[in-house]
2 protein chains.
Amino acid sequence: MAYRETEKMRQRKAAARQRIAECTYQCVAEGGFRNARITRVAQLAGVATGTIYRHYESKEDLFAEIFRKATQREVDKVAEALATPGIATARLEKALRQFAERALKAPVMAWSLIAEPVDPKVEEERLAYRKAYASLFEQAIREGIEEECIPDQDARQSSTCLVGAIAESLVGPLSPAQAEQATADDTDNNDPLVNTIIRFCIQGLTGARR
Amino acid sequence: MAYRETEKMRQRKAAARQRIAECTYQCVAEGGFRNARITRVAQLAGVATGTIYRHYESKEDLFAEIFRKATQREVDKVAEALATPGIATARLEKALRQFAERALKAPVMAWSLIAEPVDPKVEEERLAYRKAYASLFEQAIREGIEEECIPDQDARQSSTCLVGAIAESLVGPLSPAQAEQATADDTDNNDPLVNTIIRFCIQGLTGARR
DNA sequence: GCAATTAGTGAATCATTATTCATTCTTTGT
DNA sequence: ACAAAGAATGAATAATGATTCACTAATTGC
């Protein structure tokens, strides 16, 4: 008898899988999922196309994983912002700002995650993650209601409104058409945009003029 | 010399084009753009696939036209609601309600217009129409600021938030996954949902508790 | 009825990519 | 070094549908 999978091999395979994931991520970051063909990913990763399929069931599976990882990172950041000490409204504000600013800093990836047309399996992930964001916000809203800095309301619905308002506000600035006219000035002050979104959202929640 | 295009022929062609458009609409209303293959549309319309191409440059062109017509209808309804007499906030409320209720009454088409992944040319139309909605709202917000029932703010940004909040709130209830579990009770009271959205939006605009 | 011209047809073609799989290369334990 | 097993390869295949185009059918004015 002979070949038995060894630790070294396990690691090598894991590394290959990792590399494929990274290269896919890179492709998406450059031009969206549309831009990430299997052949291109394989080329970048320095493997044959067939090899992709030893690590992933299908393109959709690969994409779904990339989407999941990328979005999870963002969700974590929002969760982090919501976990800081302070009253609920302030924490929500921080979280919304975090969301918007991170998106504007990595616009192509953000656009892919938020608005690029994607395959069904990936779209499923997107819906799931929109729910994840909403759930985080929902929890914070509940806490705000508890603390009485937010009036009683359907926290779930309101959280969905938050997600929608912020996502829609970003679609314009993030969309590739917009990106083309790359504002030479790359400091590109987005503060007013972000501030307006936040004001609308917090007012929507609290009904208190800011 | 001989054949010269006559009025009768012009009309017949127009009728065929119209029929193709209607059948495409029907396909989309049944299962989204995904469901509307050219062969299926041709079959429904009782013409050969090639005939489609005597009336439309390409599938994307056909789809874009269908999208445009369908959305224009909705935009008109919103415009109508905004054109009634009354203070700006009341008119905005009417318009938002109109938007949401019409969507919930024709969920498959609404989902296609709002959230179905579509080809680039159609996506362009979608972006354009989201802007059309936003522009209508923006104008009403401006009027509200004039009337002093809405505090001064970036009307364009706020209108985008409105569009986002309402669209996102509808995506869940409209999504095909959701539709599967067709609530037997087809009166399916959506009033609480719609009311919550509206409250959030109007509060977001006015900062006044409702 | 005829010639000119356009409309309509739909099977065949094309285009695009994901996916497969027969083959080659590596690793492993003895 | 060898045999067994798995990993990697990438050219060939498959699948999906949009689009074409050589051909037929209709329409028109004479």
Side-chain angles (χ1 to χ4, degrees), chain A residues 1-21 23-24 27-28 31-67 116-123, chain B residues 1-21 23-24 27-28 31-67 116-123:
Chain A
M1 10 40 289
Y3 187 90
R4 200 94 313 215
E5 187 182 67
T6 179
E7 186 51 30
K8 174 185 156 202
M9 259 295 137
R10 226 187 316 281
Q11 287 189 346
R12 190 188 292 185
K13 278 202 285 176
R17 192 187 155 99
Q18 176 64 16
R19 196 144 33 78
I20 290 167
C23 292
T24 308
C27 278
V28 176
F33 286 99
R34 193 105 203 282
N35 184 49
R37 337 264 134 130
I38 290 291
T39 48
R40 201 156 137 52
V41 170
Q43 223 172 354
L44 264 179
V47 298
T49 59
T51 304
I52 305 270
Y53 290 87
R54 313 199 112 258
H55 294 280
Y56 294 90
E57 273 291 304
S58 67
K59 189 191 72 154
E60 291 205 2
D61 276 7
L62 166 60
F63 281 11
E65 178 171 312
I66 283 4
F67 190 100
E116 183 181 2
V118 291
D119 291 329
K121 264 194 188 168
V122 181
E123 185 64 30
Chain B
M1 34 333 348
Y3 189 88
R4 199 98 309 216
E5 186 182 65
T6 179
E7 186 53 29
K8 174 186 154 198
M9 259 296 134
R10 227 189 313 280
Q11 286 189 349
R12 190 189 291 184
K13 279 202 286 177
R17 192 187 155 101
Q18 176 64 15
R19 197 144 32 78
I20 290 167
C23 293
T24 307
C27 279
V28 175
F33 286 98
R34 193 105 204 281
N35 183 52
R37 341 250 146 177
I38 290 290
T39 48
R40 202 156 136 53
V41 169
Q43 223 170 358
L44 263 181
V47 298
T49 58
T51 303
I52 305 270
Y53 289 87
R54 310 199 117 259
H55 293 280
Y56 294 90
E57 272 291 304
S58 69
K59 189 191 73 152
E60 291 204 0
D61 276 7
L62 167 60
F63 281 11
E65 179 171 311
I66 283 1
F67 190 100
E116 184 182 1
V118 291
D119 290 328
K121 266 194 188 170
V122 181
E123 185 64 31

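Sequence lines set the chain letters: A, B, ... in the order given, protein chains first and strands last, and positions in each chain run from 1. We use all heavy atoms of the structure for the numbers below, so side chains are in, but hydrogens, waters and symmetry mates are not.
Across the protein-nucleic acid pair, B/Glu5 atom CD and C/dT5 atom C1' stand 11 Å apart, rounded to whole Å. Across the protein-nucleic acid pair, B/Arg54 atom CZ and D/dC21 atom C1' stand 11 Å apart, rounded to whole Å. In this entry the distance linking NZ of B/Lys121 with C1' of D/dA18 reads 13 Å, nearest Å. In this structure, B/Asn35 places its CG atom 14 Å from C1' of D/dG17, rounding to the nearest Å. Across the protein-nucleic acid pair, A/Glu60 atom CD and C/dA18 atom P stand 10 Å apart, rounded to whole Å. A straight line from CZ of B/Arg17 to P of C/dA7 spans 14 Å, rounded to a whole angstrom. In this structure, CZ of A/Phe63 is placed 10 Å from C1' of C/dA18, rounded to the nearest angstrom. The CD1-C1' distance, from B/Ile20 to C/dT9, rounds to 13 Å in whole Å.
Judged by closest nucleotide on DNA chain D, B/Tyr53 is the one of B/Arg4 and B/Tyr53 placed further toward the 5' end.
The side-chain hydrogen bond (donor to acceptor under 3.5 Å, both in side chains) search around B/Glu65 returns B/Arg17, B/Tyr56, B/Lys69, not counting sequence neighbours. Every side-chain contact (heavy atoms from CB on, under 4.5 Å) that B/Arg40 has, sequence neighbours left out, goes to B/Cys27, B/Glu30, B/Asn35, B/Arg37. Partners of A/Glu5 under the salt bridge (charged side-chain N to carboxylate O under 4.0 Å, His left out) rule, at least two apart in sequence or in another chain, are A/Arg10, A/Lys13. Contacts of A/Arg19 classified as side-chain contact (heavy atoms from CB on, under 4.5 Å), with partners at least two apart in sequence or in another chain: A/Ala16, A/Cys23, A/Ala45, A/Val47. For B/Phe63, the ring-ring contact (aromatic ring centres under 6.0 Å, His included) criterion is met by B/Phe33, not counting sequence neighbours. With sequence neighbours left out, A/Glu57 forms a side-chain contact (heavy atoms from CB on, under 4.5 Å) with A/Asp61.
The side-chain heavy atoms of B/Leu44 and B/Thr24, taken from C-beta on, include no pair separated by under 4.5 Å.
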**Request:** For each nucleotide in nucleotides 11-17 of chain C, reading 5' to 3', give B when a protein heavy atom comes within less than 4.0 Å of its base, S when such contact involves only the sugar-phosphate, and - otherwise.
**Result:** B-----S
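Applying the side-chain hydrogen bond (donor to acceptor under 3.5 Å, both in side chains) test to every pair with at least one member in residues 41-54 of chain B, sequence neighbours left out, gives no pairs at all.
Residues from residues 6-13 of chain B that place a heavy atom under 4.0 Å from any atom of DNA chain D, listed by number: B/Thr6, B/Lys8, B/Met9, B/Arg12.
Which of C/dT9, D/dT9, C/dT19 sits closest to the side chain of B/Val47 comes down to C/dT9.
At distances below 3.5 Å, at least one donor-acceptor pair connects side-chain atoms of A/Glu116 with backbone N or O atoms of A/Arg34.
For the OP1/OP2 pair of D/dA7 and a distance below 4.0 Å, the side-chain nitrogens and oxygens of A/His55 include no atom meeting the criterion.
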